[in-house]
4 protein chains.
Amino acid sequence: MARPRSDDKRSAIMAAAVRAIDRQGLRAPTALIAKEAGVATGSLFTYFEAKSVLFNELYVELKRDMVAAATEGVRTDAPLPERWHLLWSNWMRWALRFPQKRRVLAQLEVSDEIAPATLARGHQIMGDILDLLGSAHVHGPMRETPYAFVAAVVNAVAEATMDFMLSDPANAERHCQAGVEALSRMMK
Amino acid sequence: MARPRSDDKRSAIMAAAVRAIDRQGLRAPTALIAKEAGVATGSLFTYFEAKSVLFNELYVELKRDMVAAATEGVRTDAPLPERWHLLWSNWMRWALRFPQKRRVLAQLEVSDEIAPATLARGHQIMGDILDLLGSAHVHGPMRETPYAFVAAVVNAVAEATMDFMLSDPANAERHCQAGVEALSRMMK
Amino acid sequence: MARPRSDDKRSAIMAAAVRAIDRQGLRAPTALIAKEAGVATGSLFTYFEAKSVLFNELYVELKRDMVAAATEGVRTDAPLPERWHLLWSNWMRWALRFPQKRRVLAQLEVSDEIAPATLARGHQIMGDILDLLGSAHVHGPMRETPYAFVAAVVNAVAEATMDFMLSDPANAERHCQAGVEALSRMMK
Amino acid sequence: MARPRSDDKRSAIMAAAVRAIDRQGLRAPTALIAKEAGVATGSLFTYFEAKSVLFNELYVELKRDMVAAATEGVRTDAPLPERWHLLWSNWMRWALRFPQKRRVLAQLEVSDEIAPATLARGHQIMGDILDLLGSAHVHGPMRETPYAFVAAVVNAVAEATMDFMLSDPANAERHCQAGVEALSRMMK
DNA sequence: CATGAATGAGCGTTCATTCAT
DNA sequence: GATGAATGAACGCTCATTCAT
């Protein structure tokens, strides 16, 4: 029944894309991505119809990866502050461990390669993180503020924290703390 | 080569670049930018040695433009809270009025077209805004937090606020308020 | 390689090729032809060594098909005019019923995919039609004209007649008549 | 005022296209055509937006060239038979002198690269030839036959004559005669 | 200096053919 | 033998940059 399509190859291509885009931006040639994935030029196109499709799927994949990392081990039945804390530190750790993924995500986000629908899907995926982090606001001073705005600010502060942890890794732990605390003050 | 004569042409090119990049991303062809600026293809290169030079200068220019707008009318001798307020609303108004400029700035920021030195210069230019907005922290709960981190968070919250004002213009004023207040709570 | 088993598949591929070429020209991908024939990409190459082989064999096949249709029911012992008439109308009917085949034949004929030898074979196959139609000339005004030239003209007029019948099907019968009569006038 | 577009280059590209297509079919690479025209790959596209545009314009150009050659020196005030004769021999001579052009025209005609509108324009251009050659029919046995059909037959016989003259150049003159005479018999 | 045609390396994508399953 | 993924050369077209006018 011929060689079946290989999930390994598919993810090898995605991983290669992350590396290539991190190095060369979104203009990284498909041929380079393929080569780096250990695959022929043409094979990339049996897994992704077009470069832009690869980009869109990569975007979703990276968002999912990030959310999975952030929510790992976070139990629904644990007390809220504990869940908060675990999720936040998971999230920050992910950013520290995979700075490439984060940079690529950022590039994709502002580029015009990602279709609006894909962008929407990405935000929906982020819901799992932001819902929890934003949940505190229902009783706090931002209780009148629209959810989406709270989510945006949470995300923004998280990003700033990540940037700072990465630029000053020696004090990463402290900055991580400072980030949550700033958020706490804002919302409760 | 020497110094090209017309400052008009120079800024026409920059303005055209903003429009073109907003529409087509950083891959907007130089020929298109030139055409939109009402200038010959080749002329672009007498004003900017290369496309990447144009991008780097545009980046600085936009940062300057933003800072100038934000600090307009902010007197050193006015009381701090008043200066705070004026600067914040100036800044937000700029974002509302020139969404293209902001989008282009965002694209340039994450792209790999901007040299590290240029990036540094951009941050330094931002100093005028962030210094003032961050000044509150010296007596507040973030007094131990490094300045740069505070600045990053301030910037992040500002960006989130802008996004939200743009996506829900009807309530722009309210969101603008919510933004500052969130910041205040965080810092004092 | 050896002899592939199924004659069905072989002709399914040829039929699919006709449809695909009619739609997309000679650049119709082998993969598409195979798919349309309900056969795997690779299988096409067990029935035909290469795309050009398929084309050459298709050319011969179509010529044979056309000649078979034209000569169907034409008895050697019938009087000449009767044979003439039957053959001509058979031929025209074939063109009307299988316009795709005719278009494909035309494309193959002028393309450089068909080897000279194959072309020669095609003309030889046509002999059965042209011999009969041209037989009239031996006593007529073209008696000095080389056979091949007469054949060429007969063929050309036939093609023109077909084109016209197809483009104005309502009067197909009339045009069909007009075609033979023009030929008659020319040759006797 | 920069280099102006050169008509010479434009026709060099068209001439190169004729040679390349004659040798390699319509798949002749644009890069090859450009090279043979003594021009850079990209330059082809400043003269023709796309390969298909080149093909369409080439088709019209070749038709025009053919018609111009055929009608050269044919005076409206000369007696009809004389005009007939001159036009026919001009036409045949063109085919003998530029067999490449004719082959390319034939390939373009049946390919699906030529837009219907272009095809229509080509036929209209042919009008100058066919109108005259077909004019005889108004009083002859084909007087009831639609003009377009007569034109198609005239064209078909002409093509057959050309083919034969080319394949047996030694007797070109005789075949040329045979062609007109066949036509005459058919129409008057 | 302004202009815009010229240049050619480079890229995304296709597709005939091969070959692992 | 059948299947269809794998391969990579090839192609049409783009575009930053140069340079003749």
Side-chain angles (χ1 to χ4, degrees), chain A residues 1-6 9-10 24 27-35 38-54, chain B residues 1-6 9 24 27-35 38-55, chain C residues 1-6 9 24 27-35 38-55, chain D residues 1-6 9-10 24 27-35 38-54:
Chain A
M1 220 192 272
R3 255 168 291 190
R5 279 198 208 182
S6 135
K9 239 161 236 177
R10 205 189 132 87
Q24 319 214 3
R27 283 185 306 190
T30 52
L32 179 74
I33 296 174
K35 188 179 204 176
V39 146
T41 341
S43 295
L44 189 150
F45 294 91
T46 92
Y47 288 89
F48 305 92
E49 281 174 62
K51 195 188 194 187
S52 69
V53 172
L54 166 59
Chain B
M1 301 286 153
R3 243 303 151 61
R5 226 181 326 218
S6 153
K9 271 180 195 164
Q24 320 215 1
R27 284 185 308 189
T30 52
L32 178 74
I33 296 174
K35 188 177 197 178
V39 148
T41 327
S43 295
L44 189 149
F45 291 90
T46 95
Y47 289 89
F48 305 92
E49 275 176 64
K51 196 188 193 186
S52 67
V53 171
L54 165 60
F55 281 178
Chain C
M1 301 285 153
R3 242 303 151 60
R5 225 180 328 216
S6 152
K9 271 181 194 163
Q24 320 214 1
R27 284 184 309 188
T30 52
L32 178 74
I33 295 174
K35 189 178 197 179
V39 149
T41 327
S43 295
L44 189 150
F45 292 89
T46 95
Y47 289 88
F48 305 91
E49 274 176 64
K51 197 189 192 185
S52 66
V53 171
L54 165 60
F55 281 177
Chain D
M1 218 191 273
R3 255 168 291 191
R5 281 198 206 180
S6 133
K9 241 163 234 175
R10 206 189 133 86
Q24 320 213 1
R27 282 185 306 192
T30 52
L32 178 74
I33 295 174
K35 189 178 204 178
V39 148
T41 341
S43 295
L44 188 150
F45 294 91
T46 91
Y47 289 89
F48 305 92
E49 284 174 59
K51 196 189 193 188
S52 68
V53 172
L54 166 59

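Note that the structure is a prediction, hence the values are computed from the model and not measured. Proteins get letters first, then strands, A, B, ... in listed order; numbering begins at 1 in each.
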Worksheet item: Starting at the 5' end of DNA chain E, what dot-bracket string do you get if Watson-Crick and G-U pairs under 3.5 Å are bracketed, crossing pairs use [ ], other-strand pairs use | and unpaired bases use dots?
Response: .||||||||||||||||||||

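The structure places CD1 of Ile33(A) at 6.0 Å from NZ of Lys51(A), a figure rounded to the nearest 0.5 Å.
Separating the CG atom of Leu44(B) from the C1' atom of dT18(F) is a distance of 14 Å, rounded to the nearest angstrom. Put simply, NZ on Lys35(C) is 14 Å from P on dT3(F), counting in whole angstrom units. In this structure, the CZ atom of Arg3(A) is 9 Å from the C1' atom of dG4(F), given to the nearest Å. Regarding Ile33(C), its CD1 atom lies at a distance of 8 Å from the P atom of dA16(E), rounded to whole Å. Distance, Phe48(A) CZ to dA6(F) P: 12 Å, rounded to whole Å. If you take OH of Tyr47(D) and C1' of dG4(E), they are 11 Å apart, rounded to a whole angstrom. The CG-C1' distance, from Leu54(B) to dT17(F), rounds to 14 Å in whole Å.
Applying the 4.0 Å criterion to OP1 and OP2 of dA5(F), one finds that Ser6(A) has every side-chain N and O outside that range.
Arg5(D) places a side-chain N or O within donor-acceptor distance of the main-chain N or O of Thr46(D), the cut-off being under 3.5 Å.
Toward the 5′ end of DNA chain F lies the nearest nucleotide of Gly38(C), the other residue of the pair Gly38(C) and Lys9(A) mapping further downstream.
In this structure, the side chain to side chain donor-acceptor pair (under 3.5 Å) partners of Arg27(C), at least two apart in sequence or on a different chain, are Glu113(D). Every residue meeting the side-chain contact (heavy atoms from CB on, under 4.5 Å) condition with Ser6(A), not counting sequence neighbours, appears here in chain and number order: Asp8(A), Lys9(A), Tyr47(A). Ser43(B) is linked by a side-chain contact (heavy atoms from CB on, under 4.5 Å) to Val39(B), Ala40(B), counting only residues two or more places apart in sequence or in another chain. Partners of Ala31(D) under the side-chain contact (heavy atoms from CB on, under 4.5 Å) rule, at least two apart in sequence or in another chain, are Thr41(D). With sequence neighbours left out, Phe45(D) forms a side-chain contact (heavy atoms from CB on, under 4.5 Å) with Thr30(D).
Which of dA5(E), dA6(F), dA2(E) sits closest to the side chain of Arg5(D) comes down to dA5(E).
No side-chain heavy atom of Lys35(A) sits under 4.5 Å from any side-chain heavy atom of Pro29(A).
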Polar atom pairs (N or O), protein with nucleotides 11-15 of chain F, under 3.5 Å:
residue: dG12(F); atom: OP1; partner: Lys51(D); partner atom: NZ; Å: 2.5
residue: dG12(F); atom: OP2; partner: Thr30(D); partner atom: N; Å: 2.8
residue: dG12(F); atom: OP2; partner: Thr30(D); partner atom: OG1; Å: 3.1
residue: dC13(F); atom: OP2; partner: Lys51(D); partner atom: N; Å: 2.8

